[in-house]
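A short write-up of the structure that comes next.
Since this is a predicted model, take the numbers as computed values, not measurements.
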Amino acid sequence: GVEVGPQPQGVARADVLDKMRKIVKHGLDFVQLFNEGKEFPPCTIEVFKIMEKVDYPRNKNGEIIAIIHPKLQDQDWQPLKNGDPQFLTLDGEVIPYQGDCTVYPTFINEAAYYEKKQAFVKTEKIQLSAKHLRLSVS
């Protein structure tokens, strides 16, 4: 599957649709080249691995008591370091990120995730390596 975004629910955006078409085309091109016997050299790629989902701060009744801080809003895939603003309470208090390492939040303040109790997802940046790849022809 391919998920391309972000975009609001029920909205069709030309730029996002174009990105989706390009990634599907690259995938199909890879399959064709692989099936033709092309050898792909070893490679390393940087990816983001999901660590955990982060909920909004809530009171004892389960009601949200803070919103995404303006400095975090629209900063998907950008580093969030210890002490950086994370949430802003309805009283104006900043709740900073407290963590051992830099994380890369995504799906920040997505409307579709409110009911899932998810303010954003923390990811870590990692490197994946692949050996050369070639179809074995028998």
- Note, P42 side chain near H132 side chain (heavy atom, < 4.5 Å): yes
- Task: May I have all residue pairs that pass salt bridge (charged side-chain N to carboxylate O under 4.0 Å, His left out) and include part of residues 121-130, sequence neighbours excluded?
- Result: E46-K125, E52-K122
- Would you check, one step at a time, whether the test side-chain hydrogen bond (donor to acceptor under 3.5 Å, both in side chains) holds for N109 with Q73? CA-CA 7 Å; N109 204 24; Q73 184 65 52; 3.0 Å; yes
- Starting at OG1 of T123, measure out to OH of Y104 and round the result to the nearest 0.5 Å. 8.5 Å
- Those residues at least two apart in sequence (or on a different chain) that pass side-chain contact (heavy atoms from CB on, under 4.5 Å) with D55 are R58, K117
- Output every pair passing salt bridge (charged side-chain N to carboxylate O under 4.0 Å, His left out) with a member in residues 33-43, not counting sequence neighbours, ordered by first then second residue. E39-R134
- Query: Given a cutoff of under 4.5 Å between side-chain heavy atoms of I, L, V, M, F, W and Y, with clusters grown through shared members, what are the other residues clustered with V54?
  - Reply: M51, Y56, I64, I68, L72, L80, F87, I95, Y97, V103, I108, Y114, F120
- Flag if over 12 foreign heavy atoms under 6.0 Å of CG, L133: yes
- Sequence neighbours excluded, the answer for side-chain hydrogen bond (donor to acceptor under 3.5 Å, both in side chains) partners of Q78 is none
- Can you name the residues that form a side-chain contact (heavy atoms from CB on, under 4.5 Å) with V47, not counting sequence neighbours? I45, I126, L128
- Query: Does any pair with a residue in residues 81-102 pass salt bridge (charged side-chain N to carboxylate O under 4.0 Å, His left out), and if so which ones, sequence neighbours excluded?
  - Reply: none
- Message: If the threshold is 4.0 Å, N to carboxylate O, is there a salt bridge linking K22 and D18?
- Response: yes
- Message: More than 12 heavy atoms of other residues, nucleotides or ligands under 6.0 Å from CD1 of I50: yes or no?
- Response: no
- Message: Which heavy atom of G83 sits nearest to which heavy atom of P96, and what is that distance?
- Response: O-CB, 3.6 Å
- Please list, chain by chain and in numerical order, all residues satisfying salt bridge (Lys or Arg N to Asp or Glu O under 4.0 Å) with K25, sequence neighbours excluded. D29
- Item | Sequence-distant partners of S129, side-chain contact (heavy atoms from CB on, under 4.5 Å), two or more places apart | T44
- Query: Should L17 and I23 be regarded as members of a common hydrophobic cluster, given that ILVMFWY residues are connected when their side-chain heavy atoms come within less than 4.5 Å of each other, either directly or indirectly?
  - Reply: yes
- Task: Tell me, please, which residues at least two apart from D74 pass side-chain hydrogen bond (donor to acceptor under 3.5 Å, both in side chains).
- Result: none
- Message: Rounded at 0.5 Å granularity, tell me how far CG in L90 sits from CD1 in I67.
- Response: 6.5 Å
- Are the side chains of K53 and V121 in touch, meaning some heavy atoms are under 4.5 Å apart? yes
- Task: With side chain to side chain contact (heavy atoms under 4.5 Å, CB included) as the test, would you mind laying out the steps for F48 and D76 before giving the verdict?
- Result: CA-CA 11 Å; F48 295 88; D76 294 80; over 6 Å; no
